[in-house]
Protein chains: 2
Amino acid sequence: MPLPSASVTVDLVVLTIRDRALHVLLVERGVEPFAGAWALPGGFVLDDEDLAEAAYRELAEETGVAHGIHLEQLRTYGAPGRDPRGHVVTVAWLALAPDLGEPAAGSDAAGARWWPMDDVAAGRVPLAFDHAGIVADGLERARAKLEYSSLATAFCPPEFTVAQLRAVYEAVWGVSIDPRNFHRKVTGTPGFVEPTGGTVAEGAGRPARLFRRGHVTTLVPPLTRAEP
Amino acid sequence: MPLPSASVTVDLVVLTIRDRALHVLLVERGVEPFAGAWALPGGFVLDDEDLAEAAYRELAEETGVAHGIHLEQLRTYGAPGRDPRGHVVTVAWLALAPDLGEPAAGSDAAGARWWPMDDVAAGRVPLAFDHAGIVADGLERARAKLEYSSLATAFCPPEFTVAQLRAVYEAVWGVSIDPRNFHRKVTGTPGFVEPTGGTVAEGAGRPARLFRRGHVTTLVPPLTRAEP
DNA sequence: GAAATAGTGTCTATTAGACAGTATTCT
DNA sequence: AGAATACTGTCTAATAGACACTATTTC
């Protein structure tokens with residue numbers, strides 16, 4: 001093909017909530033460049049493969065799960081010199097998952113683990129390539145979309161309680177939210193969540209009703225990120 | 001480079017408002033594939049060129065202007081077969097501009113013109129590649145971002161009246177907005193727009209005050225898209 | 001009973017939406 | 001004067017935020 005060419009990769013910002021805190025999935029690179037550093041899971045897009053297909057493939061390789069995980073395109077990065085191997089353009093994807101347990105290391109990775117977002121965002125984890133910026137962009141996207149969408153349910157299992165959903169907002173935004181007003185807002189928006197009829201008891205206290213996500217995906221007016 | 005490779009292009013969804021209606025910039029393709037069809041302005045990303053740099057270069061080639069135009073990355077498209085020449089991944093950008101007058105045709109284009117968005121969105125203009133979908137995505141992005149951001153000012157010259165700004169919303173959303181409530185919302189949000197002190201008379205009626213965009217870029221609560 | 005969590009009710013300050021009314025220009 | 005547009009003020013229904021209270025469980 002007589003056209004300018006580059007390599008195209010996908011990289012995944014996979015977020016989940018563990019122990020009431022936001023975590024991001026990182027792999028330890030086993031090969032150069034940046035061997036030993038932590039990086040976003042990802043890899044090359046194969047010929048005749050769609051970008052979303054490549055993202056789902058990499059997601060399944062690292063987490064062992066492909067269904068029930070929210071995946072959306074984040075942004076594409078192609079600054080010259082971002083990869084020492086040459087002209088590499090990467091399409092970054094944002095994935096939001098319920099707590100999946102420990103990840104499986106991929107082929108090129110020495111290991112994989114969930115890192116607390118606080119540590120990563122503060123620069124306490126050395127990241128390869130321009131992945132620190134990609135993580136920051138993914139975090140900001142997630143935070144912004146929680147305000148006006150039902151995206152928070154992507155962090156929850158299929159059936160969840162209002163308290164679980166509230167814990168998502170508190171973990172992603174790093175704030176505390178009044179449980180009573182949150183309950184009223186979430187259950188009072190028709191179609192946002194639907195009661196399943198079941199209940200679940202978490203230790204002491206009145207058992208909570210279970211909900212599943214509804215068909216309404218936008219929240220108007222949005223929830224606002226207030227101070228802690 | 002022993003890695004999978006593809007060609008990377010940028011394509012631009014350039015929107016403007018002419019005659020109180022939203023328009024999109026299209027070029028008539030002069031070469032195969034899709035010679036004679038209309039397409040988004042764009043081209044190949046050069047080696048050692050950043051994606052944003054390529055987008056600005058193409059924008060300047062088509063419009064003759066590069067400064068004062070809002071440009072943001074839209075989405076990347078890479079479905080197999082989207083380009084008959086081979087594996088071509090395109091990074092689409094959304095550009096919003098004040099009325100620029102007639103465009104200049106680029107090198108590969110037989111002609112360039114502003115098309116009414118109504119005609120393009122309704123499928124009345126034959127578009128090359130997957131560009132119809134890209135235009136639709138760009139339109140939806142623009143419509144959504146007007147709600148909660150000061151993006152509408154990107155369609156206006158540096159100094160504008162409240163009525164001009166309102167005309168942007170009406171053109172992009174295809175609705176009519178109460179001028180009095182709009183005025184109160186826009187001028188009542190501190191830092192959203194700032195009066196320049198000047199006024200301008202447009203035909204009959206009291207002269208309107210001029211504003212420039214302020215430093216506040218988010219609108220909370222957002223404006224809502226109501227019915228006409 | 002005490003403690004803990006779930007869920008409901010009430011009050012208030014704010015505001016979106018509707019629209020009457022005033023101000024300033026051109027013809 | 002009359003028409004047109006810019007801008008301001010007022011009313012009302014809705015609601016976010018604050019928080020008291022009730023309900024249901026475990027220890």
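Owing to the predicted nature of the structure, the values given are computational and were not obtained by experimental measurement. Every chain is numbered from 1, with letters handed out A, B, ... down the list of sequences.
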Report, one pair per line, the protein and nucleotides 14-16 of chain C atoms (nitrogen or oxygen only) whose separation is under 3.5 Å.
{"from": "C/dA16", "atom 1": "OP1", "to": "B/K185", "atom 2": "NZ", "distance (Å)": "3.3"}

Interface polar pairs with nucleotides 23-27 of chain D, N/O, under 3.5 angstrom:
{"from": "D/dA23", "atom 1": "O4'", "to": "A/R206", "atom 2": "NH1", "distance (Å)": "3.4"}
{"from": "D/dT24", "atom 1": "O2", "to": "A/R206", "atom 2": "N", "distance (Å)": "3.2"}
{"from": "D/dT25", "atom 1": "O2", "to": "A/G205", "atom 2": "N", "distance (Å)": "3.2"}

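Residues passing the ring pair (Phe, Tyr, Trp, His ring centres under 6.0 Å) test with A/F129 are A/F34, A/H131, sequence neighbours excluded. Considering only residues two or more places apart in sequence or on other chains, A/E72 meets the side-chain hydrogen bond (donor to acceptor under 3.5 Å, both in side chains) condition with A/H70, A/R141, A/K145. For A/D119, the salt bridge (Lys or Arg N to Asp or Glu O under 4.0 Å) partners are A/R124, not counting sequence neighbours. For A/W114, there are no ring pair (Phe, Tyr, Trp, His ring centres under 6.0 Å) partners two or more places apart in sequence or in a different chain. Partners of A/E202 under the side chain to side chain contact (heavy atoms under 4.5 Å, CB included) rule, at least two apart in sequence or in another chain, do not exist in this structure.
Side-chain atoms of A/T16 come within 3.5 Å of backbone atoms of A/P98 as a donor-acceptor pair (strictly under, hydrogens ignored). Under a 3.5 Å cut-off, the side chain of B/T90 and the backbone N or O of B/Y77 do not form any donor-acceptor pair.
When the P atom of C/dA18 is taken as reference, atom CG of B/N181 falls 7 Å away, rounded to whole Å. As a whole-Å value, the separation of B/E202 CD from C/dT27 P is 13 Å. A/I177 places its CD1 atom 12 Å from the P atom of D/dA18, with the value rounded to the nearest Å. Rounded to an integer number of Å, the gap from CG of A/D178 to P of D/dC21 is 16 Å.
Against DNA chain D, the stretch residues 159-167 of chain A makes no heavy-atom approach under 4.0 Å. A heavy-atom distance below 4.0 Å to DNA chain D is reached by none of the residues of residues 189-198 of chain B.
Within the 4.0 Å cut-off from OP1 or OP2 of C/dT8, at least one side-chain nitrogen or oxygen of A/H183 is found.
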Please tabulate, for the side chains in residues 190-198 of chain B, all donor-acceptor contacts under 3.5 angstrom to protein atoms that are two or more places apart in sequence or on a different chain.
{"from": "B/T196", "atom 1": "OG1", "to": "B/G198", "atom 2": "N", "distance (Å)": "3.2"}
{"from": "B/T196", "atom 1": "OG1", "to": "B/L210", "atom 2": "O", "distance (Å)": "3.3"}

Can you give me every donor-acceptor pair (side chain of residues 179-186 of chain B, partner residue at least two apart or in another chain, under 3.5 Å) with its distance?
{"from": "B/R180", "atom 1": "NE", "to": "B/D178", "atom 2": "OD1", "distance (Å)": "3.4"}
{"from": "B/R180", "atom 1": "NH2", "to": "B/D178", "atom 2": "OD2", "distance (Å)": "3.0"}
{"from": "B/N181", "atom 1": "OD1", "to": "B/R184", "atom 2": "NH2", "distance (Å)": "2.8"}
{"from": "B/K185", "atom 1": "NZ", "to": "B/P221", "atom 2": "O", "distance (Å)": "2.6"}

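Listed by first and then second residue, the side chain to side chain donor-acceptor pair (under 3.5 Å) pairs that reach into residues 158-172 of chain A come to none, sequence neighbours excluded.
Comparing C/dT8, D/dG17, D/dC7 against the side chain of B/R180 picks out D/dC7 as the nearest. Comparing D/dC19, C/dA18, C/dG7 by their nearest atom to the side chain of A/R209 picks out C/dG7.
A salt bridge is defined here as a Lys NZ or Arg NE, NH1 or NH2 lying under 4.0 Å from an Asp or Glu carboxylate O, and A/R57 with A/E53 fails to meet this definition.
The two residues A/A171 and A/I17 have their closest heavy-atom pair at CB-CD1, 3.9 Å.
The side-chain heavy atoms of B/L15 and B/F155, taken from C-beta on, include a pair separated by under 4.5 Å.
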